[in-house]
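Contents: one structure, followed by commentary.
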Amino acid sequence: MSLEILDQLEAKIKQAVETIELLQLEVEELKEKNSQAQQQNESLRNENEQLKSEHQNWQERLRSLLGRIDNV
């Protein structure tokens with residue numbers, strides 16, 4: 001009876017270790033995906049700032065042109 005209990009305990013320990021290993025792999029995968037998402041987010045923020053700047057420049061140029069037309 002005692003040997004059977006030890007075998008069951010060993011099986012449960014092996015299963016727990018396998019589960020932990022799988023979860024660790026999943027955590028590493030999620031960390032990598034998170035890192036990639038953060039890089040993409042930063043890239044999009046930079047692009048957004050660049051586009052805002054370009055938009056502002058275009059607005060200033062248009063205002064300048066409209067001011068010239070008003071003076072004519």
Side-chain angles (χ1 to χ4, degrees):
M1 184 93 152
S2 150
L3 185 58
E4 184 179 315
I5 292 174
L6 286 175
D7 287 342
Q8 290 175 354
L9 179 60
E10 182 182 8
K12 287 184 181 185
I13 290 172
K14 285 181 181 179
Q15 184 180 8
V17 168
E18 289 175 2
T19 301
I20 289 169
E21 289 172 346
L22 287 174
L23 290 172
Q24 286 174 334
L25 289 174
E26 187 176 346
V27 165
E28 288 302 315
E29 183 180 318
L30 290 172
K31 282 181 181 179
E32 185 176 325
K33 285 182 181 180
N34 187 36
S35 176
Q36 290 172 353
Q38 286 176 343
Q39 290 173 353
Q40 185 179 16
N41 189 19
E42 184 63 29
S43 175
L44 289 173
R45 284 183 182 177
N46 291 338
E47 182 180 357
N48 187 36
E49 287 302 317
Q50 181 182 358
L51 290 172
K52 282 181 181 180
S53 177
E54 289 177 16
H55 182 257
Q56 186 176 0
N57 289 339
W58 276 104
Q59 282 184 327
E60 290 172 6
R61 290 177 68 186
L62 285 172
R63 284 189 186 115
S64 175
L65 290 172
L66 288 174
R68 289 183 187 174
I69 290 174
D70 286 343
N71 290 335
V72 172

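Side-chain atoms are counted along with the backbone in the values below, which use heavy atoms only and exclude waters and symmetry mates. Since we're looking at a predicted model, the values are computed, not measured.
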First locate atom CD of Gln59, then atom CZ of Arg63, and finally report the distance between them rounded to the nearest 0.5 Å. 5.0 Å
Decide, yes or no, whether a salt bridge links Lys33 with Glu29 under the criterion of side-chain N to carboxylate O below 4.0 Å. yes
Can you tell me how far apart CG (Leu65) and CG (Asp70) are? Round to the nearest 0.5 Å. 11.0 Å
Other residues, nucleotides and ligands only: do more than 12 of their heavy atoms fall within 6.0 Å of CD on Gln15? no
Any side-chain heavy atom of Asn48 within less than 4.5 Å of one from Leu44? no
Can you tell me how far CD of Gln38 sits from CG of Asn41, rounded to the nearest 0.5 angstrom? 8.0 Å
Gln40, CD: over 12 other non-hydrogen atoms inside 6.0 angstrom: no
Test side chain to side chain contact (heavy atoms under 4.5 Å, CB included) applied to Asn34 and Leu30, step by step: CA-CA 6 Å; Asn34 187 36; Leu30 290 172; over 6 Å; no
Would a hydrophobic clustering, with Ile, Leu, Val, Met, Phe, Trp and Tyr connected at side-chain separations under 4.5 Å, put Leu25 with Val17? no
Are any non-hydrogen side-chain atoms of Asp7 and Glu10 less than 4.5 angstrom apart? yes
Are Glu26 and Leu23 packed together at the side-chain level, in the sense that at least one heavy-atom pair is separated by less than 4.5 angstrom? yes
Carboxylate-amine/guanidinium contact Arg45 Glu49, below 4.0 Å: no
Gln24/Val27 under side chain to side chain contact (heavy atoms under 4.5 Å, CB included): CA gap, chis, key distance, verdict: CA-CA 5 Å; Gln24 286 174 334; Val27 165; 5.6 Å; no
